[in-house]
Amino acid sequence: MDVRAQTAMVFHLDKCIGCHTCSVACKNIWTDRPGAEYMWWNNVETKPGTGYPTLWEDQVNYKGGWEVTDKRELKLKSQNKKNFWLKMFYNPNQPTLDDYYEPWTYEYKHLTDAKLGDDQPTARPISQITGEPIDIEAGPNWDDDLSGSPIYAENDPNLSQLSEDEKRMLFEIESISMMYLPRICNHCANPSCVAACPSGALYKRGEDGIVLVNQDVCRGWRNCVAACPYKKIYFNWKTGKSEKCILCYPRIETGQPPACFHSCVGRIRYMGVLLYDADRVEEAMKAPLNSLVESQRSVLLDPFDPEVIKGAKENNISPEMIDSAQNSPVWNYVMKWKLALPLHPEFRTLPMLYYVPPLLPVMGKIGDGIYEHKTEDFFASIEQARLPMKFLASLFSAGNLNEIRSVMKKLLAIRHFKRAESRKELGSDKIRKILHESRMDPEEAEAIYQLTSCPGPYERFVLPPLQREEAMEGGEECPESCKGSCGLGDVQTPKRGL
Amino acid sequence: MMNQMFFVGLPYLALFLLVAGSILRYVWNPFSYSALSSQFLEKNALLWGTLSWHIGILIILLGHLPAFLVPELWKSLTSNFVFLLTVETVGVMASILCIAGLIILIVRRVVSGKLQQVTTVIDILLLVLILLQVVIGLSMALMHRWGAVWSTGTTTPYLWSILTFRPDISYIEEMPLLVQAHIVMAWIILMLVPFSRLVHIFSFPFQYFFRPPQKVVWVSERRKEHDDSLVVVQESRRDFVKGALGLSVAGALLSVGVLDKLAGFFYKPEVSVEEESKLLEQKLKRLEQTAEERTYQLERMKKEFIYVSRLNQLDIEKGKYFIDYLMRPALAFLGKDGLPILISAKCTHLGCTVGSELDNQGRILCPCHVSYFNINTGMPNQGAPALDPLPHLGWVIMNANNEIILEQDPSGKRYGNVNVSSIDKSNRVFIAKKHKE
Ligand code: HEM
Ligand code: FES
């Protein structure tokens, strides 16, 4: 057993209102620089939809993530040690600017500086790359809220599991439904980007599992961009280096949650410590599709188990870290309640960001205009949901419907349970039956309700500050004067090489 | 002086900048080391451009290596004509690939507005310079054929003389201009490496063949000893073994050439007095021989006439070799009219000595790169690597009393009024100093 600590996350999708505040917070801090304009380390997608970059989930095209060979070996889809160098001259799987969008701004100055004339001056859109006027054809969140649209939503790779009938139902104009999917780097425990980097510039921090790119070591081969199945590594076209979400580690090190977590309006984001067994990662990631979620859970270690605590101490994991692991909201959602699921576990990277799938669109079934459950079978509505189970299963459980179903049952049961407290619609017998069927007791239902609906910041973010021996110094006059530079503590201008 | 500058000064400047510049750039500004890919902004033209260019140039550079590292082996290999032809053909095709690729790369950088944002003056300069270099290389391969052979005796020793700090430009001083341009250009491009994106060549990630897939870095001192733990173990081990094998083979091959040469320079063994005196003796002997040769040469140059042959010893089919006033080889034939034909035997291509037997079309062959020369006109055959005719020499025929009875100057003009058939065949043929202006 090799116990490691990981800063892990849960996003509760039922609470996401799709406001993009997280994206903007992130952009303002990290990616409002030349070369990074098109990057959204944090973005929020509408599902069904094609996402950003377009169709990122389509690994037939992008070849991201791992696959299990016939000999039961785990290997990168995009390359192996024999052929990687061939792809160094030209990477056939790398997305280009067109797969994201050409960043632009507006010629605001023209509004005030235009010569006197008959026409009202306008602020034309100009490309942030060339500075020339452009026709905008795509942008960040171009398909925002366009769930019913044939160009975007219908192309969602996750819909391939659905039958034609199911697809038609999904896009029936009156029952169109959608959900939001905020995405940041998953800081995976088996990251394919790290494994793909020829230069060894990408690494996972031992202390907290954050995955980073060493900008001084990166040589711009771009293999990571292709290998990351979530397309959360971006190529800075100006500096010629790869960049990614850094989980705001300078904030984390000083005890603050990352900017996107901090700014989240819906308070959907939870952050805590998970302990996992690094020795078991490889074997677990070879599991067949149907049991991938379960095998991913099997890697996580119970922070209350004395053996685990002993192992953690042997590995010099600090007592504060172990303490955080025991109070971790992530542990509760992922392991104790089994409510949070990994996004696309079939990429086999062991993502450390888990999602509680949304119940709301599922429950919005219209029966004669009534949004309510029918008769005795409380869970029937789940099966007839507008957002089909298969779609959610394709997103969060590699197609395993049972995993999704049990989460939905729990979420629904908690709703009945809390409603019964105030409205007394259902008798206590029925509530007990519902809770029993969804494998919960009232205490657990109450605890889930508390952590979901009424958590304070210290319940959502449970992290020991200053876990690094020396936190980076802030630098001289930062942050204002450091805008646009790179590095923390050791700040330098991101000057492109010749 | 110019030669010294281009072939000694420039190389050392280039090598100094290459080594010092690359290292300092790496130490001072590792952030600037990158291949600076532009695939993100434009990928369609890049696909054809970069693949053609890189595949071509890697083949060509690989082809340059053996002549440099293992010249003897290479020489014996290329003495097989089929092998030589294959090597040269591959080289020509690869350079055509390179040129096509470079043209695509240059055009795309000029045409695309987005790419102009990431194109510096150095980028364009570099692309144009290497295009020029490949074009020069290709023309060399076509005009001064069989470079795989002649380089082992010319550019290879020159390069080693530079690398071992005993510069000797005599090997290349008299090479054709094209070859010299190729050499100068190579130094210029090397000089540019630390100041351009070419540093990406040094970034080739050999370590990737060996490292485990996952990389974990412990920041805190406590955990440093657990560094770099593995996640996927088996694959990496197997690759390690394979990679290590590959590298050791490559290393062994390299060391044959490089170590042997460099060792002599860096680890000069202590020499004993005896050995030293032996060496001195040999050197002295060589000097004496040279002195003898030079005296002989001087004496010859002072003579008004130099004896070539008796008229009746000359043959129509097979030439007789002799040495002219400037110690160059020449051939003497008997012409159809019974008078001598004297012609230079130093090939006008790269200076090999031309063969002495006439073929059925009345031509002599230079074996080095296959040029045929007509002895009557001196002209090389159509398509031969040699372009200029072999010059004729003038001659005089003297009788037993040392009286000149017939004379012909290099341009073919005759002096003297004798019936050819009446000339005594035992008369002697000379070359004359007055024919050498
Ligand atoms: C050792 C193996 C090499 C690798 C892996 C490699 C890789 C690369 C890569 C990734 C690029 C960027 C292409 C892009 O825009 O995406 C590049 C560009 C370039 N490479 Fe190499 N290279 C190698 C060797 C060489 C050599 C030996 C030379 C020349 C002597 C060379 C000359 C160039 C040039 C001139 C460019 C710029 C092309 C442009 O205009 O974009 N490379 N190389
Ligand atoms: S030296 Fe090249 S053909 Fe004679």
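Below, chain A is the first sequence line, B the second, and so on; all start at residue 1. Atom set for the values below is all heavy atoms of this structure, side chains included, hydrogens, waters and symmetry mates excluded.
Evaluation of the ring pair (Phe, Tyr, Trp, His ring centres under 6.0 Å) rule for B/Phe16 yields no partner, not counting sequence neighbours. Partners of B/Gln207 by side chain to side chain donor-acceptor pair (under 3.5 Å), not counting sequence neighbours: none found.
Only the backbone of A/Leu202 has a heavy atom closer than 4.5 Å to any heavy atom of chain B. Looking at A/Thr239, both its backbone and its side chain come within 4.5 Å of chain B, counting heavy atoms on both sides. Using a 4.5 Å cut-off between heavy atoms, B/Leu58 touches chain A through its side chain atoms alone. Residue contact with chain B, scored on non-hydrogen atoms closer than 4.5 Å, involves the side chain of A/Tyr38 exclusively. For A/Pro191, the parts sitting under 4.5 Å from any heavy atom of chain B are the backbone and the side chain alike. Contact of A/Asp99 with chain B is not made at all, since no heavy-atom distance falls under 4.5 Å.
Counting non-hydrogen atoms of neighbouring residues, nucleotides and ligands closer than 6.0 angstrom, the OH atom of A/Tyr90 exceeds 12 such neighbours. Within a 6.0 Å radius of CZ in B/Phe6, no more than 12 heavy atoms belonging to other residues, nucleotides or ligands are found.
If you tally non-hydrogen atom pairs under 4.5 Å between each of A/Glu102, A/Arg222, A/Glu132 and chain B, the highest count goes to A/Arg222. Heavy-atom pairs under 4.5 Å with chain B peak, among A/Cys218, A/Ser127, A/Ala195, at A/Ala195. Of all the listed residues (A/Gly240, A/Gly209, A/Gly220, A/Gly200), the one sharing the greatest number of non-hydrogen pairs under 4.5 Å with chain B is A/Gly200.
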Before giving the answer on side chain to side chain contact (heavy atoms under 4.5 Å, CB included), spell out for A/Val281 and B/Gln214 the whole-Å C-alpha distance, their side-chain angles and the decisive distance to 0.1 Å.
CA-CA 11 Å; A/Val281 170; B/Gln214 297 300 353; over 6 Å; no

A/Met88 vs B/Tyr208, side chain to side chain contact (heavy atoms under 4.5 Å, CB included): CA-CA, chis, key distance, verdict:
CA-CA 12 Å; A/Met88 282 168 58; B/Tyr208 188 69; over 6 Å; no

Starting from the C-alpha separation in whole Å, work towards a yes-or-no answer on side chain to side chain contact (heavy atoms under 4.5 Å, CB included) for A/Trp85 and B/Phe209.
CA-CA 10 Å; A/Trp85 60 274; B/Phe209 291 105; 4.2 Å; yes

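Minimum heavy-atom separation, B/Ser203 to A/Trp221: O-CZ2, 3.6 Å. Of all non-hydrogen atoms in B/Tyr26 and A/Arg219, the two that sit nearest each other are CE1-NH2, 3.2 Å. Between A/Ser199 and B/Pro205 the shortest heavy-atom distance is N-CB, 4.3 Å.
Between atom OG1 of residue A/Thr130 and atom CG of residue B/Leu115 there is a gap of 11.5 Å, rounded to the nearest 0.5 Å. The distance from the OG atom of B/Ser34 to the CG atom of A/Asp216 is 12.0 Å, given to the nearest 0.5 Å. With rounding to the nearest 0.5 Å, the separation of NZ in A/Lys238 from CG in B/Leu36 is 12.5 Å. In this structure, the separation between CG on A/Asn214 and NZ on B/Lys215 is 7.0 Å, given to the nearest 0.5 Å. Here the CD atom belonging to B/Gln117 is positioned 6.0 Å from the CH2 atom belonging to A/Trp237, to the nearest 0.5 angstrom. Rounding to the nearest 0.5 Å places CZ of A/Phe89 at 12.5 Å from OG of B/Ser37.
Residue pairs meeting the salt bridge (Lys or Arg N to Asp or Glu O under 4.0 Å) criterion with at least one partner in residues 190-208 of chain B, sequence neighbours excluded, are B/Asp123-B/Arg197.
Within residues 40-57 of chain B, the residues having any heavy atom closer than 4.5 Å to a heavy atom of chain A are B/Phe40, B/Leu41, B/Lys43, B/Leu46, B/Leu47, B/Thr50, B/Leu51, B/His54, listed by residue number.
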